[in-house]
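A short write-up of the structure that comes next.
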Amino acid sequence: MALAVFGPVSALAQDFGGDAIEGGVTRALQEDGRFDRFMQIVTAAELGRTVELGRTIFAPVDGAFDRLPADLAGIADRDLLGRIVRLHLVNEGPFRSTGLPQSAPSDLGVDLSFGVGTVAVTGGGTSASIVDADLAAGLATVHAIDDVLLTGEMQDRIAALSQPAPEPRADTEAAGPVPAPADPTEPDAMDDPAGIADDTANPIARSEAQTEAPSLAEDIAASDSGPTEGILPDTAPDDAPPPAPATGDPVGDIPIGGDGLPGRVIALPGPDDTAPPREAMRSVLSLFGRPVLDTDGARLGEISDVEVDIEAQETVVVIAMPGGALRRERLAALTLDTQAGALRLTEEDAANGR
């Protein structure tokens with residue numbers, strides 16, 4: 001479909017008509033005076049040579065750039081500028097206004113479609129009117145257009161560049177109130193981190209600091225090198241009988257825990273089989289899973305259960321051995337090896353098979 005010539009043929013065509021030479025495209029656009037802003041982005045994108053290779057060029061006049069939300073000549077996105085320039089170049093032709101095809105690919109690879117005196121980006125984007133046609137420039141034909149050709153993606157990127165940067169928050173807002181300088185006459189906070197010295201300023205910290213924590217669980221954890229999981233608290237129900245007085249029996253029974261909570265605090269015998277001090281006591285629950293060594297230090301297995309004969313007042317540990325076998329030993333026949341974190345068998349005539 002042939003198109004009519006729109007606008008006058010300028011002196012540019014006369015100057016570079018039949019005598020056009022290589023390198024005259026950019027020179028002609030610069031000397032015309034209407035394409036200064038287009039040439040600014042050509043220079044910023046370093047695409048002067050690419051423009052020279054174009055055969056049909058749709059050059060936006062300076063006023064076309066006023067319709068954009070951002071000044072393209074002032075942005076630093078070289079990739080975006082280069083894509084915009086290449087969208088205005090067609091490497092086929094040169095096509096005069098009377099011989100424009102229905103569509104042709106731009107140097108960017110996006111097709112341009114042509115109507116009566118118009119050019120548009122195929123597939124969505126901007127369109128422009130040809131305001132001056134058939135301008136000879138070097139080996140190319142230039143058509144002046146009144147709008148900048150952009151794809152939808154280019155329009156989005158330019159719109160994003162036009163958004164103002166968020167204003168920085170004031171220092172007082174970002175960092176919060178500035179703390180008052182420390183009074184050199186006041187005691188150092190590091191000397192009293194909980195504020196206990198100030199009875200009126202921090203009564204909660206003072207009361208917490210003066211509260212004594214239960215000691216049994218801490219004593220057991222501090223003196224035990226083996227597992228301490230499941231240690232019951234040092235509390236007893238209101239109706240629990242008082243602890244039995246020490247009798248020299250190597251096993252001292254102290255009821256602990258509430259209804260339904262198994263276990264008692266037991267004591268492992270010392271080397272001389274005398275009643276051990278309180279810090280040697282262990283919770284029955286702390287024995288489960290503890291390894292057991294024989295008299296030579298070889299591992300027998302680990303404790304899987306603790307049995308208590310109430311009438312005979314004897315405690316037996318059940319040792320789970322490799323292969324699934326179970327072995328029972330009197331607790332009195334075992335001693336605590338703190339270095340190995342294990343129980344060691346001390347009597348060769350232990351009650352095997354109980």
Side-chain angles (χ1 to χ4, degrees), residues 1-32 34-35 37-61 64-65 72 78-155:
M1 178 179 64
L3 300 180
V5 176
F6 288 83
V9 178
S10 70
L12 190 68
Q14 301 173 5
D15 293 342
F16 295 92
D19 299 328
I21 59 173
E22 185 73 25
V25 178
T26 56
R27 183 177 66 180
L29 291 173
Q30 290 169 346
E31 292 179 352
D32 182 271
R34 291 177 294 174
F35 309 108
R37 298 175 72 176
F38 180 64
M39 293 308 298
Q40 286 177 353
I41 68 171
V42 170
T43 301
E46 300 182 1
L47 290 180
R49 179 60 179 169
T50 301
V51 172
E52 291 292 340
L53 296 176
R55 288 298 173 259
T56 306
I57 301 172
F58 297 90
V61 296
F65 292 88
L72 294 185
R78 179 178 170 183
D79 173 72
L80 175 59
L81 296 180
R83 288 167 58 83
I84 293 174
V85 170
R86 293 174 59 201
L87 186 60
H88 291 77
L89 310 179
V90 174
N91 297 328
E92 298 178 3
F95 297 123
R96 296 181 63 83
S97 59
T98 56
L100 285 170
Q102 290 186 346
S103 67
S106 68
D107 184 67
L108 186 61
V110 177
D111 285 347
L112 302 179
S113 58
F114 308 104
V116 179
T118 61
V119 57
V121 178
T122 304
T126 59
S127 61
S129 298
I130 299 176
V131 296
D132 200 357
D134 302 330
L135 309 179
L139 300 179
T141 294
V142 175
H143 302 289
I145 57 177
D146 65 351
D147 209 343
V148 180
L149 299 178
L150 300 170
T151 64
E153 179 265 341
M154 294 174 183
Q155 290 176 293

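All values derive from a computational prediction rather than experimental measurement. As a basis for the values below, the full set of heavy atoms in this structure was taken, side chains included, without hydrogen atoms, waters or symmetry mates.
No donor-acceptor pair closer than 3.5 Å links the side chain of Asn91 to the backbone N or O of Asp107. In this structure, Thr126 contributes its side chain and Leu150 its backbone to a donor-acceptor pair below 3.5 Å.
Counting only heavy atoms from C-beta outward, the side chains of Thr141 and Phe95 never approach each other to under 4.5 Å. Side chains of Arg37 and Ile41 form no contact here, defined as non-hydrogen atoms less than 4.5 Å apart. Between Val85 and Thr50 the shortest side-chain heavy-atom distance does not fall below 4.5 Å. Side-chain contact check for Val148 versus Pro60: some heavy-atom pair is nearer than 4.5 Å. For the pair Val25 and Leu139, the minimum side-chain heavy-atom distance is 4.5 Å or more. In this structure, the side chains of Phe35 and Val42 stay at 4.5 Å or more apart for every pair of heavy atoms.
Leu81 contributes atom CG, which lies 9.0 Å from atom CG of Leu47 (distance to the nearest 0.5 angstrom). Atom CD in Gln102 sits 12.0 Å away from atom CG in Asp111 (nearest 0.5 Å). Between atom CE of residue Met39 and atom CG of residue Asp32 there is a gap of 11.0 Å, rounded to the nearest 0.5 Å. For the atom pair Phe58 CZ and Leu87 CG, the distance stands at 10.5 Å (nearest 0.5 Å).
Taking all atoms of both residues into account, the shortest heavy-atom contact from Ala59 to Leu29 is CB-CD2, 4.2 Å. Closest approach of Arg86 to Ser106, counting heavy atoms only: O-CB, 3.8 Å. When every heavy atom of Ala140 is checked against every heavy atom of Ile57, the shortest pair comes out as CB-CD1, 4.0 Å. Across Val90 and Pro105, no two heavy atoms sit closer than the pair CG1-O, 3.8 Å. Pairing each heavy atom of Val110 with each of Thr122, the nearest pair is CG1-O, 4.2 Å. Between Leu80 and Met154, the shortest heavy-atom contact is CD1-CG, 4.1 Å.
A side-chain contact (heavy atoms from CB on, under 4.5 Å) with Thr56 is found for one member of Arg96, His88, His143 and no other, namely His143. With respect to Leu149, the side-chain contact (heavy atoms from CB on, under 4.5 Å) criterion is satisfied by exactly one of Leu108, Ile84, Leu112: Leu112.
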Exercise for review: Please test Arg34 against Val131 for side chain to side chain contact (heavy atoms under 4.5 Å, CB included), starting from the C-alpha separation and ending with a verdict.
Suggested key: CA-CA 12 Å; Arg34 291 177 294 174; Val131 296; 5.6 Å; no

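Side chains of Glu52 and Thr26: a donor-acceptor N/O pair is present below 3.5 angstrom, by distance only.
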